[in-house]
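Throughout, protein chains are lettered first and strands after them, A, B, ... in sequence-line order, and every chain is numbered starting at 1.
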There are 2 protein chains.
Amino acid sequence: MELQFKLKASFKTSADASGAKDLIGAYFDEANQGILTRGAPEGQGARIVEWGLEGDRINLTIESGKHVRAHDALLRLRKPLATKLGKDFHIGIRGIDVGSFVIRIPSEKPLGEIKIPYVNSMDYGDGVITLTLEVEEAELDNRVPDRILTLMEDKIAAQTYGGKAEHWSLLWESEKKVHRFSEDPTIEMQKRGWLKRGASRGQWIHGPQSTRLFRVFEKIVIEELLDPLGYREMIFPKLVPWDVWKKSGHAKGVYPEIYYICPPKTRDPKYWEDVIDYYKVTHEVPTAMIKEKIGDPIGGMCYAQCPPFWVYLQGETIPTNEFPLKVFDHSGTSHRYESGGIHGMERVDEFHRIEIVWAGTPNQVLSHSKELQEKYKRIFNNILELEWRKAWVTPWFMAQEGMTGLSEGKDIGTIDYEAPLPYRGEEGDWLEFQNVSVNGNKYPSGFNVKCQSGEELWSGCSGVGLERWASVFLAQKGLDPENWPNEVRERVGELPKGIRFL
Amino acid sequence: MELQFKLKASFKTSADASGAKDLIGAYFDEANQGILTRGAPEGQGARIVEWGLEGDRINLTIESGKHVRAHDALLRLRKPLATKLGKDFHIGIRGIDVGSFVIRIPSEKPLGEIKIPYVNSMDYGDGVITLTLEVEEAELDNRVPDRILTLMEDKIAAQTYGGKAEHWSLLWESEKKVHRFSEDPTIEMQKRGWLKRGASRGQWIHGPQSTRLFRVFEKIVIEELLDPLGYREMIFPKLVPWDVWKKSGHAKGVYPEIYYICPPKTRDPKYWEDVIDYYKVTHEVPTAMIKEKIGDPIGGMCYAQCPPFWVYLQGETIPTNEFPLKVFDHSGTSHRYESGGIHGMERVDEFHRIEIVWAGTPNQVLSHSKELQEKYKRIFNNILELEWRKAWVTPWFMAQEGMTGLSEGKDIGTIDYEAPLPYRGEEGDWLEFQNVSVNGNKYPSGFNVKCQSGEELWSGCSGVGLERWASVFLAQKGLDPENWPNEVRERVGELPKGIRFL
């Protein structure tokens with residue numbers, strides 16, 4: 001069986017259209033041969049299978065397969081029919097009433113219990129899922145049936161094939177190195193008083209030694225990569241409202257990992273008096289009472305770092321010679337609700353990252369990605385002296401929308417940088433410690449940014465995770481500066497003393 | 001009338017205590033003269049006004065004024081009575097039952113409708129508020145009645161006198177200056193493409209020019225103040241859980257201005273499927289549905305910047321020669337839910353601050369505060385060349401707990417740095433652009449931090465708000481670097497070009 005649509009609907013007319021019956025019949029016959037087949041393979045268009053007049057309504061039943069979907073067929077009919085009725089009979093079409101809308105989708109198995117907006121019922125039998133939709137004209141105009149169908153097809157595919165696998169293919173790897181250190185650096189750092197756990201989950205407080213190392217990493221990136229490549233520093237916002245994630249695509253899938261932000265419903269101190277009184281009497285914070293007093297979530301804490309930057313460009317047309325545009329931000333923290341359990345600094349809920357963003361024509365973006373990769377290679381080989389590799393993986397922007405596989409554009413995608421952590425042993429997982437990503441037109445298109453020349457705009461981004469760099473560097477080199485590469489040791493200078501405790 | 005307590009309660013005994021009646025009576029008489037008057041002025045102790053035996057209970061009624069409060073009296077009686085009953089009659093005291101507990105508090109007016117935990121009823125008549133409490137032994141042990149009383153007294157005082165006013169007294173002011181610029185700098189910055197509004201309330205995206213100025217301010221603070229004074233950089237966490245705000249005192253009053261953080265109830269993708277489906281079909285984020293799927297708030301986004309640092313020292317004893325301890329952080333954003341309406345950069349919901357923290361003996365902390373003030377004076381007079389003043393104000397840690405007035409310790413408190421914004425006119429409010437605060441033992445005590453020598457520990461903090469510095473500097477000096485003081489102009493170098501739009 002193939003995909004089937006069956007739509008019963010009415011055109012509401014401004015007067016009884018009995019007088020126009022012949023004209024309507026002739027037009028529907030013509031449409032079945034013409035307008036409802038346009039773009040479909042021979043014999044696979046939509047068909048009006050039944051119709052009739054009833055007061056000020058033209059009732060019709062349309063059946064279709066996947067090519068000219070029944071709801072598209074209905075919308076295609078409206079304007080030409082209105083023109084004919086208007087010209088000869090002075091009758092207008094006032095709107096559309098949807099009577100019933102059934103979609104039959106082939107599927108080897110039923111889906112579980114799921115509730116989809118505008119879906120009234122979902123039944124399974126004989127290899128077919130039957131959906132009845134409850135939609136009106138506005139939903140047809142907004143393409144809701146198409147979105148429902150895409151969603152169903154994704155769910156069926158995910159169920160049948162388990163989804164495509166995360167992609168991974170090696171692009172380059174350094175020579176193997178002998179590592180003289182084999183401890184877990186986070187544990188060593190704690191022993192030496194370089195850092196301590198913060199009060200919240202997956203959060204660290206960095207002492208002077210650890211902070212110095214982070215600042216040296218930043219200095220390396222600025223001096224060896226950002227300045228030579230002509231980057232300008234900006235300050236990107238760190239509270240991210242839904243509107244940004246709708247445009248960036250994150251609203252499609254990022255919910256399980258967000259730290260959500262809710263504002264107070266009001267700043268009125270009187271409104272908060274009972275919470276304050278409760279705390280003062282019990283010395284406990286009444287979190288359930290507070291949840292009632294805060295608004296719905298307005299968004300979340302910074303997750304990916306570049307989306308809120310794009311608001312700066314949103315809706316703008318930019319002079320052609322402004323490209324390639326190159327900016328970076330390192331003005332605050334990112335937060336992800338990671339899986340529980342005890343992790344070290346290599347897997348944290350709160351982390352620090354330099355976010356690097358570039359935009360331009362597809363050629364500019366691709367060629368700049370190569371420049372960046374060359375700079376990183378020099379840094380990892382000649383300055384940090386790491387053992388590392390890079391791999392072509394499922395693009396981050398797809399992964400963060402809950403997708404797997406690869407982008408359709410062969411040049412569009414993400415390069416992950418990975419390194420072995422000697423304490424995990426020969427067979428241990430390598431750690432992803434940064435990425436370089438070419439995102440195609442996703443952001444310029446999502447945020448409606450145009451180039452003066454009319455050329456297509458693409459963009460790229462690269463996130464340098466300082467906790468990840470430190471995890472890799474310290475795991476391979478240990479905590480003693482005398483064992484660090486010269487280039488790092490010189491930039492660190494004398495490691496500051498930590499705070500001592502008895 | 002004065003404060004009155006009337007408590008009816010029972011000691012639960014391990015056996016009928018009729019045989020000990022004389023002993024109990026004699027002890028209560030003795031207590032009325034002795035243990036229940038200890039610490040009170042003549043004739044103003046608590047009194048057992050009635051008592052009797054009933055099965056395995058000793059019932060008693062205690063009345064008191066403010067000096068030995070009835071519930072304290074009850075607790076004072078327990079141990080000596082248990083000793084006597086145990087020794088002579090082998091009877092133990094198993095616990096306390098509270099029958100009724102009434103507190104009468106003088107007040108010129110009734111309070112409004114308020115609901116206080118453990119308060120069953122609140123009535124007003126003849127200049128007296130009468131509270132009946134519903135408490136058990138555990139609440140007496142936890143001093144709940146005292147906390148309720150303090151809360152009531154604060155509310156009555158606030159109602160009667162409107163609370164103490166915010167304190168303000170001038171400490172120092174610079175000479176008046178002629179300002180050649182009189183525009184609102186935020187508006188000018190927007191016109192010149194230095195910054196744009198972010199997608200969230202009170203949030204800005206800083207372009208390359210604005211960001212450069214912020215970084216120059218940071219460089220000035222680091223080179224002229226932090227490095228010469230021996231500060232070490234750390235990285236303080238930016239998600240602040242309740243536990244930190246309980247210890248810092250913010251849990252007493254900060255609720256109206258917090259951006260609250262709620263985690264997902266689970267990372268299970270299945271749990272979030274309906275939210276994702278809803279979004280994919282409607283292209284709207286279902287915020288009410290999400291609010292049901294997230295946990296109670298775990299805390300909020302960084303508000304004051306130093307509290308989460310103290311977790312690093314929490315519960316520790318620190319070598320004496322580690323003091324004065326001096327650290328700073330500028331690793332991320334702070335967020336406050338400010339009042340609505342259109343504001344410029346001088347009043348934002350999301351801002352950037354260098355937080356400076358020092359700790360030591362009271363003398364060390366006070367003398368370091370003076371050193372800091374000298375450095376700031378030099379910066380504002382000789383580098384930024386500002387018109388400014390400093391004032392002794394209600395300490396920030398009191399203000400953030402909802403209090404006004406001054407601290408009891410005369411050296412403990414906050415110095416606000418204020419500057420005129422010429423565009424506001426001669427009579428316009430000056431802008432508070434940073435502070436220096438000596439916080440007494442509040443933090444070492446709240447986070448249980450000890451000095452090896454046993455000396456008392458104090459701390460101080462100073463917040464450098466970069467948006468505030470920029471608001472003052474640009475309002476007084478304008479946006480053209482050629483009108484800026486040499487010391488600033490040299491550090492800025494050539495101002496980077498902004499992103500141009502058509």
Side-chain angles (χ1 to χ4, degrees), chain A residues 115-117 147-148 151 196 198-200 203 205-206 208 211 232-235 237-239 241-244 251 253 255-256 259-264 267 269 272 274-282 285 287-288 290-291 294 296-297 311-312 316-317 319 322 332-333 337 350 496 500-502, chain B residues 115-117 147-148 151 196 198-200 203 205-206 208 211 232-235 237-239 241-244 251 253 255-256 259-264 267 269 272 274-282 285 287-288 290-291 294 296-297 311-312 316-317 319 322 332-333 337 350 496 500-502:
Chain A
K115 214 187 140 346
I116 295 176
R147 294 183 197 147
I148 289 172
L151 185 65
K196 279 191 174 192
S200 190
Q203 183 187 64
I205 313 174
H206 293 273
T211 302
R232 288 178 283 183
E233 185 180 358
M234 289 183 58
I235 295 177
K238 293 288 171 280
L239 186 165
W242 296 122
D243 192 46
V244 170
Y255 306 96
Y259 276 101
Y260 294 87
I261 295 173
C262 301
R267 279 168 49 92
W272 290 97
D274 54 353
V275 170
I276 292 169
D277 291 351
Y278 186 95
Y279 178 75
K280 286 183 175 170
V281 169
T282 64
V285 176
T287 57
I290 293 172
K291 198 180 180 193
I294 58 182
D296 287 352
V311 174
Y312 203 81
E316 301 278 7
T317 300
E322 191 74 37
T333 47
Y337 190 77
E350 175 169 333
R500 290 169 304 130
F501 302 108
L502 290 181
Chain B
K115 214 187 140 345
I116 295 175
R147 293 182 198 151
I148 291 172
L151 184 66
K196 280 191 176 192
S200 190
Q203 181 186 66
I205 312 174
H206 293 273
T211 302
R232 287 177 282 184
E233 185 181 357
M234 289 182 57
I235 295 175
K238 294 288 170 278
L239 186 167
W242 297 122
D243 193 46
V244 170
Y255 306 96
Y259 277 101
Y260 294 87
I261 296 173
C262 302
R267 279 169 48 92
W272 290 97
D274 52 356
V275 171
I276 291 169
D277 290 351
Y278 186 94
Y279 178 76
K280 286 183 176 171
V281 170
T282 66
V285 176
T287 57
I290 292 173
K291 198 178 181 196
I294 57 182
D296 287 351
V311 174
Y312 203 82
E316 299 279 6
T317 299
E322 190 74 37
T333 48
Y337 189 77
E350 175 167 333
R500 290 169 303 131
F501 301 109
L502 291 182

Colleague: Which one of A/A251, A/G198, A/A199 has the most heavy-atom pairs closer than 4.5 Å to chain B?
Modeller: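 The residue among A/A251, A/G198, A/A199 with the greatest pair count is A/A251.
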
Colleague: Given the options B/G332, B/G253, B/P241, which has more heavy-atom pairs under 4.5 Å with chain A than any of the others?
Modeller: B/P241

Colleague: Please work out which of the three classes, parallel, tilted or perpendicular, describes the rings of A/F501 and B/Y312, given edges at 30° and 60°.
Modeller: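 It falls in the tilted class, 30° to 60°.
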
Colleague: Checking A/D277 against chain B: side chain, backbone, both or neither under 4.5 Å from a heavy atom?
Modeller: both

Colleague: Any side-chain heavy atom of B/P208 within less than 4.5 Å of one from A/M234?
Modeller: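 Side chain of B/P208 against side chain of A/M234, heavy atoms only: contact under 4.5 Å found.
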
Colleague: Based on non-hydrogen pairs under 4.5 Å, which of B/V311, B/T333, B/T317, B/T282 is most in contact with chain A?
Modeller: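 Option with the greatest count: B/T317.
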
Colleague: Find out whether A/C262 and B/C262 are in side-chain contact, i.e. whether some heavy atom of one side chain is under 4.5 Å from a heavy atom of the other.
Modeller: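 Counting from C-beta outward, A/C262 and B/C262 do come under 4.5 Å.
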
Colleague: Is B/Y279 in contact with chain A via its backbone, its side chain, both, or neither, using a 4.5 Å heavy-atom distance?
Modeller: side chain

Colleague: When heavy-atom pairs shorter than 4.5 Å are enumerated against chain A, which of B/P263, B/A288, B/P256 gives the highest number?
Modeller: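 Winner by heavy-atom pair count: B/P256.
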
Colleague: Looking at A/D243, A/I116, A/D274, A/V275, which makes the most heavy-atom pairs under 4.5 Å with chain B?
Modeller: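 That would be A/V275.
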
Colleague: Of all heavy-atom pairs between B/D296 and A/T287, which one has the smallest distance, and what is that distance?
Modeller: OD2-OG1, 3.3 Å

Colleague: Pick one of side chain, backbone, both or neither for A/L151, based on which atoms fall under 4.5 Å of a heavy atom in chain B.
Modeller: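 For A/L151, side-chain heavy atoms alone lie under 4.5 Å from chain B.
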
Colleague: Between B/V285 and A/Y255, does the side-chain contact (heavy atoms from CB on, under 4.5 Å) criterion hold? Intermediate values first, please.
Modeller: CA-CA 10 Å; B/V285 176; A/Y255 306 96; 4.0 Å; yes

Colleague: Is A/E233 in contact with chain B via its backbone, its side chain, both, or neither, using a 4.5 Å heavy-atom distance?
Modeller: both

Colleague: A/E322 versus chain B, heavy atoms under 4.5 Å apart: side chain, backbone, both or neither?
Modeller: both

Colleague: I need the residue from B/K280, B/K238, B/H206 with the largest number of non-hydrogen atom pairs under 4.5 Å to chain A.
Modeller: B/H206

Colleague: What I'd like to find out is whether the side chain of A/Y337 reaches to under 4.5 Å of the side chain of B/I294, using heavy atoms alone.
Modeller: no

Colleague: Heavy atoms only, distances under 4.5 angstrom: which of B/P269, B/P496, B/P297 has the most pairs with chain A? Name it, please.
Modeller: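 Looking at each option in turn, the highest pair count goes to B/P297.
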
Colleague: For B/P237, is there any backbone N or O sitting under 3.5 Å from a side-chain donor or acceptor partner on A/Q203?
Modeller: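 Checking the backbone N and O of B/P237 against the side chain of A/Q203, no donor-acceptor pair under 3.5 Å is found.
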
Colleague: Do B/K291 and A/K291 come close enough that some side-chain heavy atom pair is under 4.5 Å?
Modeller: yes

Colleague: What part of A/V244 lies closer than 4.5 angstrom to a heavy atom of chain B: side chain, backbone, both or neither?
Modeller: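 Just the side chain, heavy atoms under 4.5 Å.
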
